[in-house]
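Input: a single structure, listed below in structure tokens.
The structure presented is a predicted model; accordingly, all values stated were derived computationally and were not measured.
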Amino acid sequence: MLPVLFAVIALVFAGAGFGANAVVTKKRMGSAQDKSEKALANAKKEGEKLVLAAREDANKVAEEARKDEQTRRHEFKDIENRLMQREATLDRKLDELDKRSESLRKGEDEVEQLKNEIRDIRGKQQEKLEKIAKLTKEDAADKLMQMTERDIKNDLVGLVNKLQNEAKEDAEDRAALVIATAMERMSSEVTAERTITSVKLEDEEMKGRIIGKEGRNIQALQRATGVDIMVDDTPGYIVLSSFDPVRREVARIALELLLKDGRVHPGRIEEVVDKAQKQVEKEVVHAGEDAAREVGVIGIPKEVLHLLGELKYRTSYGQNVLKHSTEMAHIAGIIAEELGANIKTAKYAALVHDLGKALTHKMEGKHHHISGEMLRKYGAPEEVALAAEQHHDDVEATSVEALIVRVCDAISASRPGARNISAENFVERMKELENIANGFSGIEKSYAISAGREVRVFVKPQAIDDLSAIKLARDIATKIESSMQYPGTIKVNVIRETRAIEFAK
């Protein structure tokens, strides 16, 4: 009974809750409908406002378009008026041109008539003149030319002679002015080289060390350098004698190093001589670079610079060849500038013109031919090689620069005290001695020493035996007797040396 009661009560409460929910839901629906109606009304008002604004904008755009159209119509009308005015102006000018053309045609007709009348008159005059002179037109012209030629021939000959003489005088004066200007602006020292070098000693006892036991040290030094070393009674000095300045310089440096070190023996001598040769090699390279830099010539191949540096130790008639070449380059630049020639080519060729003198003891031929050959071999410009090769008279000069180099060579060589003929002859004789010896097969090296009174020939021991060495000495002596002129006698000393070297470890 009690459960039934609870169920009834629950149903009552559920119905009450449902009714309450229905009432709440109805109220909510009513308020939502009101809101939607208000929002719709607001939207209609906003839409009307937008439509009005759009209409106003459209009206404004239409008004502006009408104004633009009216403006353009006015502009087109103005352009049309101007074009019409120009067309009218052109029509007037065309009419005027037509009138002028017509008048010109009439004038041409009148001019042609006048020309015909003048031709008739000239023809009649010519006929009358021919009748009077009894000569045709061609005959009269020939006679007139003959008379004119006869009258002015003497005057023309005199005028030509006068012009030729003036040209010669001007050329000589100008050449003298150019050369004098170059000589005035360029002046350098002239060095006369000798064939001996003196080395000062701090202690007289060093002479004994240089000579060594049984002369071994001095013989090793002479053999390694190819220089005749004279240790005599002259106090405080050792004299080095050789016609080759490069060898003398190597010997001088080597001897000074030995004197400074104090250790003098054959093994040490060879080491020091090798070091001195490397040092001289560096000085050769620097000398070539300095000479090129001094005269302002760039782009010289390094092989040419090396040969140029060797000229520092070469002489020509007692004149230092490198200084002679740099002096010539300066003079050549000045003359080329005055004459309007190629300055760089002239200076370059003058600087390297005596390049062959660094090789005359190694190659056969004249030094200027060797210069041209070496320049072409190492890639120097052809015009430079030609100018250097043509600086002596046996080759014809084919360019202004070659003539400039030839003139500069004469200027530099003819300066007072620049050359010493006797010294040059002596050097040439020494070189010839060595060249004769080197001309035989199996020769390792040869040195002319003792002022040309002896030639020492070192042979290859594997190519020349003892008996062949004796025969070689006789052959060299015979060749010297038949091809050279010399005072006194010349000793031919053939040296064959075999070394056995081993190291103890």
Side-chain angles (χ1 to χ4, degrees), residues 193 243-247 280-281 284-285 287-289 291-292 295 297 299-329 332 345-399 401-410 412-413 419 423-439 443 445-446 448 483-484:
E193 299 283 345
F243 77 96
D244 191 335
V246 177
R247 296 180 195 164
V280 171
E281 183 72 14
V284 164
V285 174
E289 293 174 349
V295 300
V297 179
I300 301 178
K302 60 181 181 180
E303 295 86 358
V304 175
L305 285 176
H306 187 277
L307 293 175
L308 185 64
E310 289 188 11
L311 297 180
K312 177 182 178 181
Y313 302 103
R314 303 287 171 182
T315 57
S316 176
Y317 296 94
Q319 186 180 27
N320 184 279
V321 179
L322 184 58
K323 289 186 177 180
H324 164 67
S325 299
T326 54
E327 180 183 62
M328 275 185 57
T345 300
K347 294 176 74 173
Y348 195 160
L351 182 64
V352 299
H353 78 287
D354 273 345
L355 207 66
K357 289 185 177 180
L359 297 169
T360 50
H361 61 294
K362 300 177 183 178
M363 298 177 61
E364 293 184 359
K366 296 181 179 180
H367 72 275
H368 51 288
H369 295 302
I370 299 175
S371 298
E373 182 180 345
M374 290 298 103
L375 289 168
R376 293 186 184 94
K377 178 180 178 181
Y378 295 125
E382 178 62 21
E383 59 271 18
V384 173
L386 283 174
E389 190 176 36
Q390 296 168 356
H391 80 272
H392 279 306
D393 293 335
D394 61 335
V395 182
E396 184 180 358
T398 58
S399 65
E401 291 76 16
L403 289 171
I404 290 174
V405 175
R406 187 178 293 184
V407 169
C408 293
D409 190 31
S412 177
R419 289 188 166 185
E424 178 64 15
N425 291 337
F426 169 76
V427 170
E428 289 295 330
R429 184 160 63 88
M430 299 286 278
K431 289 181 180 178
E432 189 175 356
L433 270 176
E434 289 189 351
N435 289 336
I436 289 174
N438 291 331
I443 306 299
K445 52 187 176 181
S446 63
S483 60
M484 288 186 62

Ser446 side chain to Asn438 side chain, donor-acceptor N/O pair below 3.5 angstrom: yes
For Ala287, check side-chain contact (heavy atoms from CB on, under 4.5 Å) against everything at least two apart and list the hits. Lys312, Leu322
Between CD1 of Ile436 and CD1 of Ile443, what distance do you get to the nearest 0.5 Å? 12.5 Å
Just by modelled atom types, is the Val352 backbone N or O under 3.5 Å from a matching donor or acceptor in the Ser325 side chain? no
Start with the C-alpha distance between His353 and Gln390, add both sets of side-chain angles, then the distance that settles side chain to side chain contact (heavy atoms under 4.5 Å, CB included), and finish with yes or no. CA-CA 9 Å; His353 78 287; Gln390 296 168 356; over 6 Å; no
Please report the closest heavy-atom contact between Ala385 and Arg376, naming both atoms and the distance. CB-CG, 3.8 Å
So which heavy atom on Tyr348 is nearest to which on Val297, and how close? CG-CG1, 3.9 Å
Any chance you could measure Thr398, atom OG1, to Glu389, atom CD, to the nearest 0.5 Å? 9.5 Å
Between Leu308 and Ala291, what is the shortest heavy-atom contact and its length? CD2-CB, 4.2 Å
Rounding to 0.5 Å, atoms CD (Glu382) and OG (Ser399) come to a distance of 10.5 Å
Are more than 12 heavy atoms, taken from residues, nucleotides or ligands other than Glu396, located less than 6.0 Å from that residue's CD atom? no
Spacing of CD1 belonging to Ile404 relative to CE belonging to Met328, to within rounding of 0.5 Å: 10.5 Å
Step by step, work out the side chain to side chain contact (heavy atoms under 4.5 Å, CB included) result for His306 and Glu281. CA-CA 9 Å; His306 187 277; Glu281 183 72 14; 2.2 Å; yes
Atom NZ of residue position Lys377 - does it have more than 12 heavy atoms of other residues, nucleotides or ligands inside 6.0 Å? no
In this structure, NE2 of His324 is separated from CG of Leu311 (nearest 0.5 Å) by 10.0 Å
Tell me whether Glu434 is salt-bridged to Arg247, with the criterion being a basic N under 4.0 Å from an acidic carboxylate O. yes
Check: His392 ring centre within less than 6.0 Å of His369 ring centre: no
Are Asp409 and Arg406 close enough for a salt bridge, meaning some N to O gap below 4.0 Å? no
Compare all side-chain heavy atoms of Glu303 with those of Leu307 and state whether any distance is below 4.5 angstrom. no
Nearest non-hydrogen partners of Ala397 and Ala402, listed with the distance: CB-CB, 4.0 Å
Verify side chain to side chain contact (heavy atoms under 4.5 Å, CB included) between Met484 and Glu432, making sure each step is shown before the conclusion. CA-CA 8 Å; Met484 288 186 62; Glu432 189 175 356; 3.4 Å; yes
Sorted by chain and residue number, the side-chain contact (heavy atoms from CB on, under 4.5 Å) partners of Ala349 (sequence neighbours excluded) come out as Val384, Ala387, Val405
Is the side chain of Asp354 donor-acceptor paired with the backbone N or O of Lys357 at a distance under 3.5 Å, no angle test? no
Closest non-hydrogen atoms of Pro301 and Tyr378, given as atom of the first, atom of the second and distance, are CG-O, 3.3 Å
Just do the side chain to side chain contact (heavy atoms under 4.5 Å, CB included) check on Ile370 and Leu355 with the steps written out, would you? CA-CA 8 Å; Ile370 299 175; Leu355 207 66; over 6 Å; no
Would you say Leu351 and Ile300 make side-chain contact, with heavy atoms under 4.5 Å? yes
